[in-house]
There are 2 protein chains.
Amino acid sequence: MITIYDIAEKAGVSAMTVSRVINNTGRISEETRKRVRKVMEELHYIPNALARSLVSQKTNLISLLITDITNPFYTTLARGAEDAAKKAGYRLLFANSDEDYEKEKDYVDMILSTRVDGVLFAPAGDHSHDNLLQLQKHQIPFVVLDREIPGIDADVVLGDSKEGARNLVEHLIAQGHQRIALVNGSQDVSTARLRYIGYNEALQLGGITPDDSLVLHLGYRDFHDETALHELLQLDDPPTAIFAANNMLAVGVIQSLRQRGLQVPRDMSVVCFDDFGPAGAINPFLTVASQPAYQFGKLGMQLLIERIEGAASDATRRIMLPSELIVRSSTQPLS
Amino acid sequence: MITIYDIAEKAGVSAMTVSRVINNTGRISEETRKRVRKVMEELHYIPNALARSLVSQKTNLISLLITDITNPFYTTLARGAEDAAKKAGYRLLFANSDEDYEKEKDYVDMILSTRVDGVLFAPAGDHSHDNLLQLQKHQIPFVVLDREIPGIDADVVLGDSKEGARNLVEHLIAQGHQRIALVNGSQDVSTARLRYIGYNEALQLGGITPDDSLVLHLGYRDFHDETALHELLQLDDPPTAIFAANNMLAVGVIQSLRQRGLQVPRDMSVVCFDDFGPAGAINPFLTVASQPAYQFGKLGMQLLIERIEGAASDATRRIMLPSELIVRSSTQPLS
DNA sequence: CTGTTAGCGCATTCAG
DNA sequence: CTGAATGCGCTAACAG
């Protein structure tokens, strides 16, 4: 491995001079600067970021922790985060918690030992509290994405889950649906709680009495257990429409319905939170509340970098991004 | 920041002893081991991976370079890579080249200075040659994914593009289509060349004379210019079916057709390479040649880790993964 | 079983 | 404008 000492020797200067040339710091005569540069190229010198970080106490690394890299919402978010990071000279250390607190904890430990400059943290849920606290204890700046964690005061970028849910359910009500089921994420997650509230609000505004036998509390990726859906369909007064609290649940619901020989929207109307990325465009089908995922990542990263670089005031910031109702063809008026 | 010296002092031992406790190396009396452990916990000590890497010359970091994080094929691949990496104790440094050689080069420079242990490299295309060479020159182990680069001898995990393409086109021919267009990626990319070959082979096997006016050479993400499609449709003898060389192109094609008031499959049959991840399941629509994306990532990572850890022989390995024809409803027999 | 010395590659002092 | 000494946090090699 080529070091600054190799360069220094061959260029007939001290290592310090080489360091200064690399960092464009201090005053160096144009002549030696050129000579040093030339030697660096000849020897294909590449600065060792490790050594540099060890002394500067700065890695230019930011950890992006998300819960599901398979979900288009998070990949689009990751894209926004990466673009913003690259622009500011940071690289992304990637981690995928799988909605699993233990895995999340493992990654937090790794993050801590890696000495990243900050963390963009999409938490698995309320229990992420301890993991976030761990970061705080070690003074690692972070920004929370998508899900608010009770008891954690930090910069946060959120979607308006309540309103998005309301819009979706109101759309169903406007089509005449009265028996509307909610297939929800875990109550351990703020967005799931808010979508539940929005759902109830819309019902009440529509003069419909909420019926908790129509509400399933699963997890955002847990549509394996189809018996839950089975029970819904076996009710005396079964739903005519289903609101899935995110895109993955909608996939599960629709597949299950299909296995039972039921078609969307003919036999059941379905809407959901979050769109499907590029795939959503090819066969406009599901009516969704689409969130600006790219902005989640981009804005979150900007907030984080401001924190890291000390450009932010002490007060934490809370950004709430609206969702957009995109009406397609997965619902049908009740005749 | 807490260091081993803080621990050493408080535990009344030398720093070296602490280091040995951390690494479970050398012989330490159970008693001191416990004492040291206790102090570490009290002080919330976390080893500094930077310092450790600087001396061990090992970062336990692997860079994953892909061309499009928005494409479900690559996110699923990333998932496979991440799972395999985590299992072996490596973390992922993430990079997205956007099919852009310059961006790719930027990231290679970053990769080099970060001293990652290896790179999982999904190249933008043939011109990635120089970037790969750069890695070779600096002795960074890497595995090439998805696209073969002429002149680069390395472990590689590929899909069978030729056969996949042939299957798709044969499917169309079986339905009576004779005028079959190919909307292809750049000829700079091995998979695009092979899909073109497979397409031609299927035509010839079907007794159809290839007609290059039916072939569009774009880029895998470049379906902005719809005039190209316009020309196809204006031909004296226009196509009745389109083979899009990847999923993103299929999205563009279908959107363009729709803007022109043409429906799939009624007015035009469409098939493509690569599926759409979870979204592909919700409304089975596009007939595709689906590749085992997760396996690409997982196997690639395994090969890479073997290389890094010296468990691989010198000979480079070449893994070819088959694709699966999934017939859905985006094609229709020619009446 | 434990400690001392030296050095990984670089940048921050402080002197010239 | 340039250089020498020192240390970032840790571990390999050698001593004891």
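Remember, it's a predicted structure, so these values are computed and weren't measured experimentally.
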*Would you indicate what Thr32(B) reaches in the nucleic acid, counting non-hydrogen atoms under 4.0 angstrom: base, sugar-phosphate, or nothing?*
sugar-phosphate
*Below 4.0 angstrom, N of the basic side chain to O of the carboxylate: do Glu41(A) and Arg37(A) qualify?*
no
*Between dC8(C), dC1(D), dC10(C), which one does the side chain of Ala51(A) approach most closely?*
dC10(C)
*Give the nucleotide from the list dA11(C), dC10(C), dC1(C) with an atom nearest to the side chain of Ser19(A).*
dA11(C)
_I need the Ile4(B) CD1 to Thr17(B) OG1 distance, nearest 0.5 Å._
10.0 Å
_Among dG9(C), dC10(C), dC1(C), the nucleotide that comes nearest once only the side chain of Leu54(B) is considered_ = dG9(C)
Close N or O pairs between protein and nucleotides 3-5 of chain D (under 3.5 Å):
from: dG3(D); atom 1: OP2; to: Ser14(A); atom 2: N; distance (Å): 3.0
from: dG3(D); atom 1: OP2; to: Ser14(A); atom 2: OG; distance (Å): 3.1
from: dG3(D); atom 1: OP2; to: Thr17(A); atom 2: OG1; distance (Å): 2.4
from: dG3(D); atom 1: N7; to: Arg20(A); atom 2: NH2; distance (Å): 2.6
from: dG3(D); atom 1: O6; to: Arg20(A); atom 2: NH1; distance (Å): 3.3
from: dG3(D); atom 1: O6; to: Arg20(A); atom 2: NH2; distance (Å): 3.0

*Looking for any heavy atom pair under 4.0 Å, which part of the strands does Arg27(B) touch: base, sugar-phosphate only, or nothing?*
base
*Let me know the distance between CD1 of Ile7(B) and C1' of dG9(D), rounded to the nearest Å.*
12 Å
*Measure the distance from CG on Leu50(A) to C1' on dC10(D) and round it to the nearest whole Å.*
12 Å
_Looking at Arg147(B) and Val189(B), would you say the former's side chain and the latter's main chain have a donor-acceptor pair under 3.5 Å?_
no
*Between Tyr220(A) and Thr191(A), do the side chains contain an N or O donor and an N or O acceptor separated by less than 3.5 Å?*
yes
_Looking at Thr3(A), is its backbone amide N or carbonyl O close enough to the side chain of Asp6(A) to form a donor-acceptor pair, meaning the two atoms are under 3.5 Å apart?_
yes
*When the distance from CD1 of Ile2(B) to P of dC10(D) is rounded to whole Å, what number comes out?*
10 Å
*What's the CG-P distance between Asn60(B) and dT11(D), to the nearest Å?*
12 Å
*Please confirm whether the backbone N or O of Ile69(B) pairs with a side-chain atom of Asn96(B), one donor and one acceptor, at under 3.5 Å?*
yes
_How many whole angstroms separate atom CZ of Arg35(B) from atom P of dC1(C)?_
14 Å
*Write down the distance between CG (Asp6(B)) and P (dC8(D)), rounded to a whole number of angstrom.*
11 Å
_Without decimals, in angstroms, what is the distance between Ile4(B) CD1 and dT4(C) C1'?_
13 Å
*Within the structure shown, what part of the strands sits under 4.0 Å from Ile28(A) by heavy-atom distance: base, sugar-phosphate, or nothing?*
sugar-phosphate
*Could you state the atom-to-atom distance from CG of Asn23(A) to P of dG9(C) in whole Å?*
17 Å
_Residues in contact with DNA chain C, drawn from residues 37-48 of chain A - heavy-atom cutoff 4.0 Å_ = Tyr45(A), Pro47(A), Asn48(A)
*Would you please say whether a donor-acceptor pair under 3.5 Å links the side chains of Tyr294(B) and Asp83(B)?*
yes
*Taking the side chain of Ser29(A) as its heavy atoms from C-beta onward, which of dG9(C), dT2(D), dG9(D) lies nearest to it?*
dT2(D)
*State, without any angle test, whether Arg115(A) and Ser53(A) hold a side-chain donor-acceptor pair at a distance under 3.5 Å.*
no
*Give a yes/no on whether any side-chain N or O of Gln57(A) is located under 4.0 angstrom from OP1 or OP2 of dG9(D).*
yes
*asked:* Checking Tyr74(A) now: which residues fulfil ring pair (Phe, Tyr, Trp, His ring centres under 6.0 Å) with it, not counting sequence neighbours?
replied: none
*asked:* If the test is side chain to side chain donor-acceptor pair (under 3.5 Å), which one of Lys58(B), Gln57(B), Arg307(B) qualifies with Asp117(B)?
replied: Lys58(B)
